[in-house]
Amino acid sequence: MSESPDRTPLPRSFFDRPVLEVAPDLLGRTLVRNSPDGRIELRLTEVEAYAGAIDPGSHAFRGRTARNAVMFGPPGHAYVYFTYGMWHCLNLVCGPEGEASGVLLRAGEILTGAEQARKRRLSARYDSELAKGPARLATALDIARTLNGTDACAGPDSPLTVLTGTPPTPDLVRNGPRTGVGGDGAPHPWRFWIDGDHTVSPYRAHAPRKRRPESP
DNA sequence: GCGATGATGATCT
DNA sequence: GATCATCATCGCT
């Protein structure tokens with residue numbers, strides 16, 4: 001039996017390239033999540049590149065820590081982190097081992113398994129909102145820190161895999177500043193998305209938190 | 001449609 | 001103790 005070309009898993013060599021090549025190339029690919037609940041497939045529509053130690057916006061900028069250790073490992077593995085006390089975000093490690101680059105998967109269109117995704121995303125009014133935003137994507141796909149370090153190139157039945165999918169024509173790929181990234185990392189136009197796709201999340205500029213007023 | 005704000009905890013200084 | 005690669009809700013111009 002032969003798989004159709006778009007069902008072929010992306011090999012590790014796909015991720016072992018400069019992150020600014022890999023990130024736009026991930027658009028239109030099929031992210032497969034095999035969870036105990038079942039299988040969910042999603043077409044990636046929005047990503048952001050984080051360029052390791054040279055990138056002030058990257059978790060790896062200040063060197064290796066227990067949290068970001070996976071980013072310093074081999075490409076093709078999942079880096080999952082927990083943030084704002086509530087949410088998970090999913091990245092794929094890119095570039096050669098030690099470079100600590102990665103791509104944040106920010107949004108996508110659920111292709112199969114929408115019923116399970118809806119159960120985890122009760123506030124979503126439309127299916128286009130199921131994975132519109134990095135934490136929403138992680139919630140819809142049942143991504144948690146137990147998946148941190150998972151090899152996404154270990155075959156189509158592993159917990160996480162990326163298939164070849166159907167990339168958009170190059171004229172539909174847009175790029176701009178990264179969402180929620182401030183400081184010296186803000187100017188880099190390293191967010192990539194598919195133009196006109198209704199599952200792409202709205203852009204939000206970095207907003208420094210205001211301190212709570214002092215008690216009287 | 002938009003801006004402000006609270007939720008909630010791990011991580012790092 | 002501040003920050004955080006966010007989200008949902010509320011109130012309004």
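Values in this document were obtained by computation on a predicted structure and should not be read as measured data.
Within a 6.0 Å sphere centred on CG of D184(A), heavy atoms belonging to other residues, nucleotides or ligands number 12 at most. Residue E21(A) qualifies as enclosed at atom CD: its count of foreign heavy atoms under 6.0 Å is above 12.
Considering only side-chain atoms of R136(A), the nucleotide from dA8(C), dT11(B), dA5(C) that sits closest is dA8(C). Residue F82(A) has its side chain nearest to dA10(B) when only dC12(B), dA10(B), dC7(C) are considered. When the nucleotides dC7(C), dA5(C), dA7(B) are ranked by their closest atom to the side chain of M86(A), dA7(B) comes out on top. Nearest to the side-chain atoms of T179(A) among the listed nucleotides dT6(C), dA5(C), dA7(B) stands dT6(C). If you check dA10(B), dA5(C), dT6(C) against the side chain of W87(A), the one that comes closest is dT6(C). Each of dC4(C), dA5(C), dC12(B) was ranked by its minimum atom distance to the side chain of T65(A); first place goes to dC12(B).
Contacts of T139(A) with the nucleic acid, taken as non-hydrogen atoms under 4.0 Å apart, are absent. Backbone-only contact: R121(A) has heavy atoms under 4.0 Å from sugar-phosphate atoms and none from a base. Nucleic acid contact class of R178(A) (heavy atoms, under 4.0 Å, all strands): none. Residue G180(A) is classed as a sugar-phosphate contact, given heavy-atom separations below 4.0 Å to backbone atoms only.
At least one side-chain nitrogen or oxygen of R106(A) sits closer than 4.0 Å to the OP1 or OP2 atom of dT6(C). For dA8(C), the OP1/OP2 oxygens have a side-chain nitrogen or oxygen of S123(A) closer than 4.0 Å.
In this structure, the separation between CG on D195(A) and CG on N175(A) is 11.5 Å, given to the nearest 0.5 Å. With values rounded to the nearest 0.5 angstrom, T161(A) atom OG1 is found 10.0 Å from R33(A) atom CZ.
Under 3.5 Å, the side chain of H59(A) and the base of dA5(C) form at least one donor-acceptor pair of N or O atoms. Interface remark: the Y84(A) side chain does not form any donor-acceptor pair with the dA7(B) base, using a distance-only criterion of under 3.5 Å.
dA5(C): no Watson-Crick or G-U partner with both key distances under 3.5 Å is found in any strand. Pair assignment for dT8(B) gives none, since no Watson-Crick or G-U wobble pairing has each distance under 3.5 Å.
Within the 4.5 Å cutoff, the side chain of R17(A) has heavy atoms near those of the D25(A) side chain.
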